[in-house]
Peer 1: 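Pasting in a structure now, in C-alpha cells, and then I'll have a few things to ask.
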Amino acid sequence: YVTSDLATDVTVNVGEVKFYLHKFPLLSKSSRLRKLVLKASEECCGEINMVDFPGGPKAFEICAKFCYGMTVTLNAYNVVAACCAAEYLEMTEDVDRGNLIFKIEVFLNSSIFRSWKDSIIVLQTTKSVLPWSENLKIVGRCIDSIASKTSLDPAKITWSYTYNRKLSVSDKTAGDGMKFRDKIVSVPKDWWVEDICELDIDLYKRVMTAVKSKGRMDGVAICEALKTYSVRWLPDSVDTLDSDVHSFRNKLLVETIVYLLPSDRGVGCSCSFLLKLLKVAILVGVDNSAKEDLLKRVSLKLYEASVKDLLIPARPPQTTLYDIEMVLSIVKRYMMLSHDLDVAKNEMGCTDLVLGHGSLLSVGKLIDEYLEEIARDPNLSLASFIDLSRSVPEFARPVHDGLYKAIDTYLKEHLSLTKVERKKLCSLMDVKKLTMDASMHAAQNERLPLRVVVQVLFFEQVRSVAGVQPLRDTSHSTTNTDEELEKTAAEDCNSLEKQMSRIKIKEDAFQEKCELAKQSSKNSKSGIQLLPSRSRRMFDKLWGFGKGHADNRSSETSASSQSPTSMVPGDTKSSGSSSRNRRHSIS
C-alpha cells in the first residue's frame, strides 16, 4: 500500500504480492504500464497481472517507489534486478527525462564497474535474472571490468582484496629489501585469485577466458587461480567425488579447469597440481580429450613429481592398489618427449623447453622410489615391476641403490617367487653401481640369489684390492645443476673403467703374482673383515674352487691361501686376472 489520502485505483499483481497503487504516478514513468492499464480498462478489470516479472516483487517495489518520487537506495545486490525491472516496464528517457534506466546506468558506470568487489557481486546476482541480464549486456560488462582489473600493474592496486594464501617466492624476493611499512602495502601478482573463487563454474570460466585473452597474465598466476578454485570447490573425500549427487558437477568442474589450463604446457602449473587433477579426473570419469591433455602436461613436468603424487588409485578391473599402467604410460611419454625436444633443439634451435640430463636423473630416482612403494602391493605382478623399471634408461640411473631397495622390498613381500623369477628380478640391478652401504647390505641379504651375492662380494673385493673409491650416491643432492650431474656421472663411469683396466693381467705373470700374494697375506686381512662370516666362507670356497680350476697343481690349502683375504693392494694385476677367470668358472 501507498500511504495517501487518495484512494488507490489500480492493483498490480507481481508473483504472490498485490500492490495497491495510483495510475497517474505509474503512467508518468512507465510506457508498459500505460499499455497494461489501458488494456485492463477496456476489459473492465481493475487488476494487472505481471507474469515472470524480472527481479520479482522487490524489484517492482523499487520501480514503484521511483514512480512516486520516493528515495530509492541502489547497491551491488539489487541494481541488476532493478535494471531488468526498469527495462521490462520501459522506464526510458522517451517517457520522462531522468528516468530510472538512465539513473541506473549512471550508477553502474560511476560506482559498480569502478569497484573490484562490487563488480564480482553484481556478476553473481546476474544469474537470478537471466536471460534479461545477459541481453542487457550486464554480464559481459561485469566480466570485462573484472578481467581489466586483474591485468593492472599490482603497484596500482588501491582497493581491498582477499588474500589468505602464502606469498609466492617471487613476491617474497621482491619484498626482501623493503621496509616493514612498504611490505604491508605491497601487492602480490595473484592478488585477484581468491575473490573470483566465489563465482559459479560457468561464470568463472568466462572470467578466466577473458583474463587469458588480455594476454597480460603469465601461466603461473593462471595456474594459481585454477588451483585455488579447485581447492575451494572440489571435495576432499573420494566418496563425495564419486557420489551420484555431485558427480555431474565435479565432472564439469574438472573439465572446465583442464580447458582453462595455460596453453604453454611447459611452465606455470606444478606437476603435483596436475597429478592431483588427473586423479580426480579419473575418479569422476572425464572425457578422453581432457585426460589426454593432462597426461601430456604431466609427462612434461614429471621430474618435479613426488612419489605421493604418483600414487594414483587403481580402478576396476585392475587388482593392484595403484594404477601402474598409468604411471608407465607417463614415464614412456616423458622419455619420448625428452628425445623429441632434444632433436628439436639440435635441428631448429628450439630453447623454449628442454628436459636436461639432470631432469632425467630426477625421474630415475623418482621411479626407483615409486617402485619401492608399490613393491609392497601383494597383487603387483613381476612383469609390471620389470616393465616400469626398464622404462628408465641406464644413464638416468647412475647409482642402483634405489633400485636395489625396491627389489629387496618386492622379494620381502612376494615370498612365493620361484628361483627363476628371483634371478630375473635381480637381473635388473647392476651390482657394480651399488654404493658401499648398499653392497654391504646386499652381501648379507639372504633373499637375494646366491649368484647375485657372489657378484656383490666379488666386485667389492676387487674394489678393496684395487684401493679405489666407491661409487658416490648423488641422488640426494638438490642443488646440483645439469652440468654438475653429468660431470659426476661421467666421473663415476670413468672411475669404473679405470678400476677394471687396473686389474687386467697377462697370463704369463699369474704364478709370480700369486707367490707375492702368499707372502703378504697377513697384511691384507683387514680389507675383508667387513664382510659377514657366512659370506666370507662361501666366497672363500668359490674363490678357492676357481683357483683350483685354473691351476690343478694347487692343493686345498694353497687354494685357500689364494682367497681374496690374502690379496694386497700391490697385487692389482694378479687379482684382476684371477678374478676374471674365477667369475667365468663360477658361472
Side-chain angles (χ1 to χ4, degrees), residues 1-114 118-119 121-142 144-145:
Y1 293 92
V2 176
T3 303
S4 174
D5 294 335
L6 298 175
T8 59
D9 52 7
V10 64
T11 302
V12 181
N13 298 321
V14 181
E16 298 180 355
V17 180
K18 288 181 179 289
F19 291 87
Y20 297 92
L21 306 171
H22 303 86
K23 292 180 182 178
F24 177 74
L26 300 180
L27 302 185
S28 65
K29 298 289 184 182
S30 171
S31 176
R32 185 161 194 152
L33 283 174
R34 287 180 184 178
K35 300 171 186 175
L36 292 173
V37 168
L38 180 61
K39 183 179 179 181
S41 299
E42 292 175 352
E43 296 175 355
C44 298
C45 179
E47 292 189 1
I48 298 173
N49 295 313
M50 290 191 176
V51 182
D52 298 329
F53 187 85
K58 290 185 177 180
F60 181 81
E61 183 181 351
I62 292 174
C63 295
K65 284 183 175 181
F66 182 82
C67 291
Y68 277 88
M70 299 179 183
T71 302
V72 175
T73 302
L74 294 176
N75 53 50
Y77 295 94
N78 65 12
V79 67
V80 176
C83 181
C84 295
E87 287 287 344
Y88 181 89
L89 295 174
E90 299 175 4
M91 302 174 72
T92 62
E93 292 296 289
D94 296 337
V95 179
D96 186 37
R97 190 173 181 181
N99 213 337
L100 184 57
I101 292 177
F102 173 77
K103 299 283 188 182
I104 290 175
E105 187 65 24
V106 171
F107 178 68
L108 287 172
N109 291 326
S110 63
S111 178
I112 296 299
F113 295 139
R114 290 188 178 186
D118 283 350
S119 295
I121 293 170
V122 168
L123 182 58
Q124 288 175 300
T125 62
T126 57
K127 200 163 186 178
S128 63
V129 286
L130 288 173
W132 281 89
S133 58
E134 191 72 66
N135 295 335
L136 295 175
K137 303 191 184 304
I138 299 176
V139 176
R141 292 166 70 187
C142 286
D144 186 65
S145 170

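Computed from a predicted model, the values in this text were never measured in an experiment.
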Peer 1: Quick one: side chain to side chain donor-acceptor pair (under 3.5 Å) partners of R141, sequence neighbours excluded?
Peer 2: E105, N109

Peer 1: Checking side-chain polar atoms at under 3.5 Å, does S145 have a donor or acceptor matched by the opposite partner on S119?
Peer 2: yes

Peer 1: Could you report the tightest heavy-atom contact between V129 and G55, atom names first, then the distance?
Peer 2: CG1-N, 3.8 Å

Peer 1: State, with a plain yes or no, whether a side-chain heavy atom of L89 is found less than 4.5 Å away from one of K29.
Peer 2: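 They are not in side-chain contact.
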
Peer 1: To check you understand the geometry: which heavy-atom pair defines the closest contact between A85 and P54, and what is its length?
Peer 2: CB-O, 3.8 Å

Peer 1: Can you tell me if OH on Y68 sees more than 12 non-hydrogen neighbours from other groups inside 6.0 Å?
Peer 2: yes

Peer 1: Where is the tightest heavy-atom contact between N78 and T73, given as atom of each residue plus distance?
Peer 2: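 So the minimum-distance heavy-atom pair works out to ND2-O, 3.1 Å.
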
Peer 1: Checking S31 now: which residues fulfil side chain to side chain donor-acceptor pair (under 3.5 Å) with it, not counting sequence neighbours?
Peer 2: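 Applying side chain to side chain donor-acceptor pair (under 3.5 Å) to S31 gives E90.
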
Peer 1: Taking atom CG of L100 and atom CZ of F107, what is their separation to the nearest 0.5 Å?
Peer 2: 12.0 Å

Peer 1: Using 0.5 Å steps for rounding, measure from the CZ atom of F60 to the CD1 atom of I62.
Peer 2: 12.0 Å

Peer 1: Check V14 against G56 and note the closest heavy-atom contact, atom names and distance.
Peer 2: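 Closest approach of V14 to G56: CG1-C, 3.9 Å.
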
Peer 1: Salt bridge between D9 and K23, side-chain N to carboxylate O under 4.0 Å?
Peer 2: no

Peer 1: Give every residue pair that meets the salt bridge (Lys or Arg N to Asp or Glu O under 4.0 Å) criterion with at least one member in residues 58-78, sequence neighbours excluded.
Peer 2: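 Residue pairs with at least one partner in residues 58-78: E61-K65.
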
Peer 1: Rounded at 0.5 Å granularity, tell me how far OH in Y88 sits from CE in M50.
Peer 2: 6.0 Å

Peer 1: So, do V95 and S30 sit near enough that their side-chain heavy atoms are less than 4.5 Å apart?
Peer 2: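 Answer no - side chains too far apart.
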
Peer 1: Name all residues meeting the side chain to side chain donor-acceptor pair (under 3.5 Å) criterion together with T125; count only those two or more places apart in sequence or in a different chain, and write none if there are none.
Peer 2: none

Peer 1: Contact between L38 and L36 at the side-chain level, heavy atoms closer than 4.5 Å - yes or no?
Peer 2: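 Heavy-atom side-chain distance check fails, nothing below 4.5 Å.
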
Peer 1: Provide the closest heavy-atom pair for A86 versus I104 in the form atom of the first, atom of the second, distance.
Peer 2: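 Shortest heavy-atom contact: CB-CD1, 4.4 Å.
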
Peer 1: So, do I138 and W132 sit near enough that their side-chain heavy atoms are less than 4.5 Å apart?
Peer 2: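 No, every pair of side-chain atoms sits at 4.5 Å or beyond.
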
Peer 1: Can you sort out the partners of Y20 under ring pair (Phe, Tyr, Trp, His ring centres under 6.0 Å), two or more places apart, ordered by chain and number?
Peer 2: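 Y1.
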
Peer 1: Would you indicate whether the side-chain heavy atoms of L26 and L21 approach each other to under 4.5 Å?
Peer 2: yes

Peer 1: What pairs with N135 under side chain to side chain donor-acceptor pair (under 3.5 Å), at least two apart in sequence or on another chain?
Peer 2: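 By the side chain to side chain donor-acceptor pair (under 3.5 Å) rule, N135 matches no residue at all.
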
Peer 1: Is the count of non-hydrogen atoms from other residues, nucleotides or ligands lying under 6.0 Å from E47 atom CD greater than 12?
Peer 2: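 For E47, atom CD is crowded (more than 12 foreign heavy atoms under 6.0 Å).
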
Peer 1: Provide the closest heavy-atom pair for S133 versus C84 in the form atom of the first, atom of the second, distance.
Peer 2: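 In terms of heavy atoms, the two residues are closest at N-SG, 3.9 Å.
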
Peer 1: Is E93 close to I101 at the side-chain level, that is, under 4.5 Å between some pair of heavy atoms?
Peer 2: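 The answer is no; the side chains never approach within 4.5 Å.
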
Peer 1: Are V10 and H22 close enough that some pair of their side-chain heavy atoms sits under 4.5 Å apart?
Peer 2: no

Peer 1: Could you walk me through whether M91 and C67 pass the side chain to side chain contact (heavy atoms under 4.5 Å, CB included) check?
Peer 2: CA-CA 9 Å; M91 302 174 72; C67 291; 3.7 Å; yes

Peer 1: Does some side-chain heavy atom of N13 sit less than 4.5 Å from a side-chain heavy atom of I48?
Peer 2: no

Peer 1: Quick check against the 3.5 Å criterion: does D118 have a side-chain atom that pairs as donor or acceptor with the backbone of I112?
Peer 2: no

